[in-house]
Amino acid sequence: MTKTILFVLTGQAELGDTGAKTGVWLEELATPYRALDKAGHEILFGTPGGVLAPLDPASLEEPWLLPAGHWLLGQPAAMAKLEAPLDLATIDPARIDAIFLVGGTGTLWDFPACHPLGALATALHAQGKPVAAICHGVVGLMTATAADGSPLVAGKAITCFSNAEEAMLEYDKLVPLLAETALAAQGADYRCAAPFEPLVVEDGGLITGQNPASAEPLAAALLRRLG
């Protein structure tokens, strides 16, 4: 049966005030997109405010550009959706069967305080629908809540891009918050693998991946949940 999955993407193109560019990390978008598309599911794109979703230029270069990324760049329909995503505030959660928060450093600017995103994740999780997120995108869960009003991630086993990985890339000096630190502060039971090794953590309907290398196993986990 065809399901509808909302991919949530950052609309942030500037890496703070560094003059460098950021955006969606292509591998974290492309691998799950290809897997879900191949399975016959409908995929929607949404951003905070419905703004264009930029691709991080670094993710378009070797060694980060992988086969799924090459494939997605050659899909006109998918690329067109990056140009005109839906506004998260306009999306009825009853319309979608799962949500997937795609990573990219840009998410650290526009995901953490995005209440429409939190509301969607809250509603879907309450309905028992899959809520998936990867790498920096996991910070989009920070405004989501459990039934008692506590942070959705409180007491939940999750992963995201680790502080160790941030430090190795020296992103920790550039970004407005560290995903691991911010989610742990909300009471998350944080798990991680060695830097840049794949890890997917599932806790009920919450599915999180640590880094770009986790995109393929995360897509497989989401497909299993969708049945």
Side-chain angles (χ1 to χ4, degrees), residues 3-13 22-25 28-29 32 43-54 85-161 175-191 200-210 218 221-222 225-226:
K3 302 289 182 68
T4 300
I5 301 95
L6 174 65
F7 277 41
V8 181
L9 310 170
T10 182
Q12 175 76 20
T22 185
V24 180
W25 195 260
E28 296 167 7
L29 167 62
I43 300 168
L44 308 176
F45 285 178
T47 60
V51 300
L52 177 150
L86 301 170
D87 181 346
L88 298 178
T90 69
I91 298 172
D92 181 355
R95 178 186 178 188
I96 54 179
D97 299 295
I99 192 170
F100 172 48
L101 282 53
V102 182
T105 315
T107 61
L108 299 177
W109 277 267
D110 63 354
F111 275 20
C114 183
H115 291 280
L117 173 51
L120 285 168
T122 298
L124 267 68
H125 190 264
Q127 295 166 23
K129 296 177 179 178
V131 174
I134 191 167
C135 199
H136 293 104
V138 186
V139 298
L141 300 176
M142 289 175 62
T143 55
T145 56
D148 62 0
S150 63
L152 180 63
V153 299
K156 298 286 200 310
I158 67 155
T159 188
C160 66
F161 205 61
V175 296
L177 59 83
L178 297 173
E180 175 186 336
T181 299
L183 291 159
Q186 289 196 333
D189 177 10
Y190 179 74
R191 315 284 178 86
V200 171
V201 175
E202 298 185 59
D203 192 331
L206 197 59
I207 310 166
T208 51
Q210 181 174 329
L218 184 143
L222 180 53
R225 293 277 177 172
L226 289 168

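Note that these values count all heavy atoms, side chains included, but never hydrogens, waters or copies made by symmetry.
Taking the six-membered ring where tryptophan is involved, the planes of Phe7 and Phe100 are perpendicular, since the angle between them exceeds 60° and thus also 30°.
In this structure a side-chain-to-backbone donor-acceptor pair under 3.5 Å is present from Tyr190 to Cys160.
Evaluated for a side-chain contact (heavy atoms from CB on, under 4.5 Å) with Leu6, the options Ile43, Leu88, Leu101, Leu124 yield exactly one hit, Leu88.
Partners of Asp87 by salt bridge (charged side-chain N to carboxylate O under 4.0 Å, His left out), not counting sequence neighbours: none found. Qualifying side chain to side chain donor-acceptor pair (under 3.5 Å) partners for Lys129, counting only residues two or more places apart in sequence or in other chains: Gln127. The side chain to side chain donor-acceptor pair (under 3.5 Å) search around Glu202 returns Arg224, Arg225, not counting sequence neighbours. Residues satisfying the ring-ring contact (aromatic ring centres under 6.0 Å, His included) test with Phe111, not counting sequence neighbours, are none. When the side-chain contact (heavy atoms from CB on, under 4.5 Å) test is applied to Ala188, the partners found at least two apart in sequence or on another chain are Val153, Ile158, Leu183. Checked against side-chain contact (heavy atoms from CB on, under 4.5 Å), Ala98 has the following partners two or more places apart in sequence or in another chain: Ile5, Pro130, Leu222, Leu226. Remark: Glu28 pairs with no residue by the side chain to side chain donor-acceptor pair (under 3.5 Å) rule, at least two apart or across chains. Under the rule for a side-chain contact (heavy atoms from CB on, under 4.5 Å), the partners of Leu52 that lie at least two apart in sequence or sit in another chain are Pro54, Glu83.
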Result block: side-chain N/O donor-acceptor pairs under 3.5 angstrom for residues 138-152, not counting sequence neighbours:
unit_1	atom_1	unit_2	atom_2	d
Thr143	OG1	Cys114	O	3.0
Thr143	OG1	Gly118	N	3.3
Asp148	OD1	Ser150	N	3.0
Asp148	OD1	Ser150	OG	2.6

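Among all heavy-atom pairs drawn from Ala53 and Val24, the shortest one is CB-CG2, 4.3 Å. When all heavy atoms are compared, the tightest approach of Leu206 to Lys156 is CD2-CB, 4.0 Å. In terms of heavy atoms, Ala221 sits closest to Val200 at CB-CG1, 4.3 Å. When all heavy atoms of Ala182 and Leu177 are compared, the pair lying nearest together is CB-CD1, 4.1 Å.
Note that CG of Leu108 and CG of Leu178 are 8.0 Å apart. Values are rounded to the nearest 0.5 Å. Between the CD atom in Glu180 and the NE2 atom in His136 there is a gap of 11.0 Å [rounded to 0.5 Å]. Atoms CG and CG, on Asp92 and Leu120 in that order, are 9.0 Å from each other to the nearest 0.5 Å.
Arg95 is listed as a side-chain neighbour of Leu44, based on a closest heavy-atom distance under 4.5 Å. Side-chain contact between Ile99 and Leu117 is present, with at least one heavy-atom pair separated by less than 4.5 Å.
Evaluation of the side-chain hydrogen bond (donor to acceptor under 3.5 Å, both in side chains) test over residues 96-123, restricted to residues two or more places apart or in two chains, returns Thr10-Asp110.
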